[in-house]
Amino acid sequence: MSFEREDFGLLGPLHLNSIDWENSNHRRSIAASLVQGTYILERDRQEKRQGSQALAPPWWEFFHFKLIRQLVDDADSCIFGAIYEYAPPSSHCNDSIDRSPRYVIAFRGTINKPDSFSRDFSLDIHVIRNGLHQTSRFEIAMKAVRSMVAMVGDSNVWLAGHSLGAAMAMLAGKTIAKTGNFLEAFLFNPPFLSAPIERINYGNVKHGLRFASSVITAGLVLATKGNSQTSQSEDPFFILSAWTPCLFVNPTDHLCSEYIGYFEHRKKMEEIGYGAIERLATQNSLGDLFMSVMRRSAEAAEPLHLLPSAYLTVNLSPSQDFKQAHGIQQWWRPDLHLKCNLYKYK
C-alpha cells in the first residue's frame, strides 16, 4: 500500500538517533528526509490525513525540526515546498551543531497522483524547455528564499530538493548566488537534459562524442555571440563558481547521470590542453544554441542545469530499476557505496 512507503517508522532513517552535523552522511540523510517530508505533506493533503493520522510530521520532528511554513502553488493549491526551522532541545546543546542549519527550504518533485500530476507535469515541461524561471511556482519559491535570506542571512539557510524540486532549488540557488548570497544546497537527482552519453559503456566513444559536442558548442557560441573578451570579474559563470551546491546522482538514472560526464569531461579537456574550448562549451547548452540560431537571436536563456562548481556525490550501489535509481529514498540509506568529487570552475 502507498502509505507504507510514506511511513517514517517503516521507511525513514531510524539509525540517525544521534546527529553529527559534521558528518556529511548525516547532513545528506537529513536533507533528503526533509524533502520526503514535503512529499508527504502534499500526500497528507490529498488523502485528507490530519492530526494523528498525518504521516508527514515524523520526517522532520525526528531530527528536531519544526514546520513553520508550507509553500502552496497558486495554480492548483498543492503543497510543493516547506520551510523548516531547526529547534534542538536543550539536552542536545553538546551535540555538534557548527554545520547545522537554522532553516531548510525543501522542494518536492513530481507526484504521480491526479490531484497534483497535471501541474507538476506542466512544470516538468517548463524544465525541458528551460522556462522554469517563468512559472508562478518558481516566483513563490524565490520570494520565500529571498525573504529567509534577508531575515537570517545566507549562512543560516539550506536549500534542498529532489528531481523537479532539485531543479527548483538549483534555480533559486543560482539566482540568489548572483547577489552574493551562497546557500548550502542539497540537490537530489537534479535533471540534466542531454543525450544519454553517460550510459555508453565504451570510454573512448563517450570521450569522442563529448569532445565533438564541445567543439560544436564552442563554435556556435563564437558564431552567435562573437569572440568578445570579458574579464573574470565580469563573467557571470565565473562569479557563480563561488557557489558549490551538493549534487547527488545515480549513474543508472538517465535524468541526472549526465552530470557525471559533464564535470569529468571538463577536467579531461583541461588535462589534454583544450580547456579554452571547454570553458566556452561548459556554460552553454547545444540545444539552446541551436534554438537561438533558428530564432536568429543572439541571446538564449541561461541553461538551468549548467553549473560552474559542485560537490558531486555518485551512488554506485546497484539499483533494481529506474524507479529506485531516481527515488529520494536511496539517499538516507546507511550502506551506500558513494564516490565524491569536488569540481571547481577556473
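- Here the side chains of Pro13 and Trp59 are in contact, with some heavy-atom distance below 4.5 Å.
- Within the 4.5 Å cutoff, the side chain of Arg28 has no heavy atoms near those of the Cys246 side chain.
- Of the residues Tyr311, Tyr343, Phe192, the one that meets the ring pair (Phe, Tyr, Trp, His ring centres under 6.0 Å) test with Phe263 is Tyr343.
- Screening Asn130, Ile125, Leu132 for a side chain to side chain contact (heavy atoms under 4.5 Å, CB included) involving Ile128 leaves a single residue, Ile125.
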inquiry  = side chain to side chain contact (heavy atoms under 4.5 Å, CB included), that's the test. Do Leu14 and Phe62 meet it? Break it down for me.
reply    = CA-CA 8 Å; Leu14 297 173; Phe62 186 81; 4.2 Å; yes
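- Using a 4.5 Å cut-off between side-chain heavy atoms of Ile, Leu, Val, Met, Phe, Trp and Tyr, with links allowed through other members, Ile140 and Ile68 fall into the same hydrophobic cluster.
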query = Going through the checks in order, is the side chain to side chain contact (heavy atoms under 4.5 Å, CB included) test met by Gln36 and Trp332?
reply = CA-CA 10 Å; Gln36 177 73 346; Trp332 59 70; 3.8 Å; yes
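- Using a distance-only test at 3.5 Å, with no hydrogens or angles considered, no donor-acceptor pair links the side chain of Asp73 to the main chain of Cys78.
- Between Ile260 and Leu312, the closest heavy-atom pair is CA-CD2, 4.0 Å.
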Stepwise side chain to side chain contact (heavy atoms under 4.5 Å, CB included) test for Val152 and Val157 = CA-CA 8 Å; Val152 300; Val157 180; 3.5 Å; yes
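- Listed here is the closest heavy atom pair of Ile79 and Leu41: CD1-O, 3.8 Å.
- Nearest heavy-atom pair across Ala169 and Leu159 is O-CD1, 3.5 Å.
- A side-chain donor-acceptor contact under 3.5 Å links Gln46 and Arg43.
- Taking the side chain as every heavy atom from C-beta outward, Tyr262 and Leu306 approach each other to under 4.5 Å.
- At a threshold of 4.5 Å between non-hydrogen side-chain atoms, the residues Ile30 and Phe186 do not count as touching.
- A salt bridge links Glu184 with Arg99: the distance from a Lys NZ or Arg NE/NH1/NH2 to an Asp or Glu carboxylate oxygen falls below 4.0 Å.
- The environment of NZ in Lys344 is crowded: more than 12 heavy-atom neighbours from other residues, nucleotides or ligands sit within 6.0 Å.
- Heavy-atom minimum distance, Ala325 versus Asp253: O-CB, 3.8 Å.
- At a threshold of 4.5 Å between side-chain heavy atoms, the hydrophobic network of Ile, Leu, Val, Met, Phe, Trp and Tyr places Phe188 and Leu338 in one connected group.
- When atom types are taken as modelled, the side chain of Tyr84 and the backbone of Leu34 share a donor-acceptor pair closer than 3.5 angstrom.
- Note that the CD1 atom of Ile111 and the CZ atom of Arg119 stand 14.0 Å from one another [nearest 0.5 Å].
- The closest side-chain heavy-atom distance from Thr244 to Phe182 is not below 4.5 Å.
- Once rounded to the nearest 0.5 Å, the distance linking NZ of Lys339 with OG1 of Thr313 reads 11.5 Å.
- Under the 4.5 Å side-chain contact rule for hydrophobic residues, Phe238 and Ile176 share a cluster.
- Under the 4.5 Å side-chain criterion, counting only non-hydrogen atoms from C-beta, Asp115 is in contact with Arg45.
- Distance check, rounded to the nearest 0.5 Å: CD of Glu85 to CG of Leu67 gives 11.0 Å.
- The pair Asp120-Arg137 meets the salt-bridge criterion, with a side-chain N (NZ, NE, NH1 or NH2) lying under 4.0 Å from an Asp/Glu carboxylate O.
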key: Verdict with supporting geometry, Thr110 and Asp124, side chain to side chain donor-acceptor pair (under 3.5 Å)   = CA-CA 8 Å; Thr110 302; Asp124 292 333; 2.8 Å; yes
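- Under the 4.5 Å side-chain contact rule for hydrophobic residues, Phe8 and Leu10 do not share a cluster.
- The distance from the OG atom of Ser257 to the NE2 atom of His326 is 11.5 Å, given to the nearest 0.5 Å.
- Counting all heavy atoms, side chain and backbone alike, Lys174 lies closest to Pro303 at NZ-O, 3.1 Å.
- Using a 3.5 Å distance cut-off with no hydrogens or angles, the side chains of Ser319 and Asn250 do pair a donor with an acceptor.
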query = side chain to side chain contact (heavy atoms under 4.5 Å, CB included) between Leu11 and Asp7: does it pass, once the steps are laid out?
reply = CA-CA 6 Å; Leu11 193 67; Asp7 190 324; over 6 Å; no
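- Transitive grouping of hydrophobic side chains (ILVMFWY, heavy atoms separated by less than 4.5 Å) keeps Tyr259 and Leu342 in distinct clusters.
- In this structure, OG on Ser241 lies 11.0 Å from CG on Leu307, to the nearest 0.5 angstrom.
- Looking at Trp158 and Tyr86, their side chains never bring a donor and an acceptor atom within 3.5 Å of each other.
- Surrounding CZ of Phe322 are more than 12 heavy atoms belonging to other residues, nucleotides or ligands, all under 6.0 Å away.
- Ring pair Trp21/Phe65 is perpendicular by interplanar angle, where above 60° counts as perpendicular and below 30° as parallel.
- Donor-acceptor pairing under 3.5 Å is recorded for the side chains of Tyr39 and His162.
- Here the two rings, on Phe138 and His133, have centers that are 6.0 Å apart or farther.
- Between Met170 and Leu187 the shortest heavy-atom distance is CE-CD1, 3.7 Å.
- Although no hydrogens or angles enter the test, the distance criterion places a donor-acceptor pair under 3.5 Å between the side chain of Ser33 and the main chain of Ser29.
- Between Leu71 and Thr38, every side-chain heavy-atom pair lies at or beyond the 4.5 Å cut-off.
- With rounding to the nearest 0.5 angstrom, the CD atom of Glu139 is 9.5 Å from the CD atom of Gln134.
- Contact annotation: the side chain of Val127 never approaches that of Leu123 to less than 4.5 Å [non-hydrogen atoms, C-beta and beyond].
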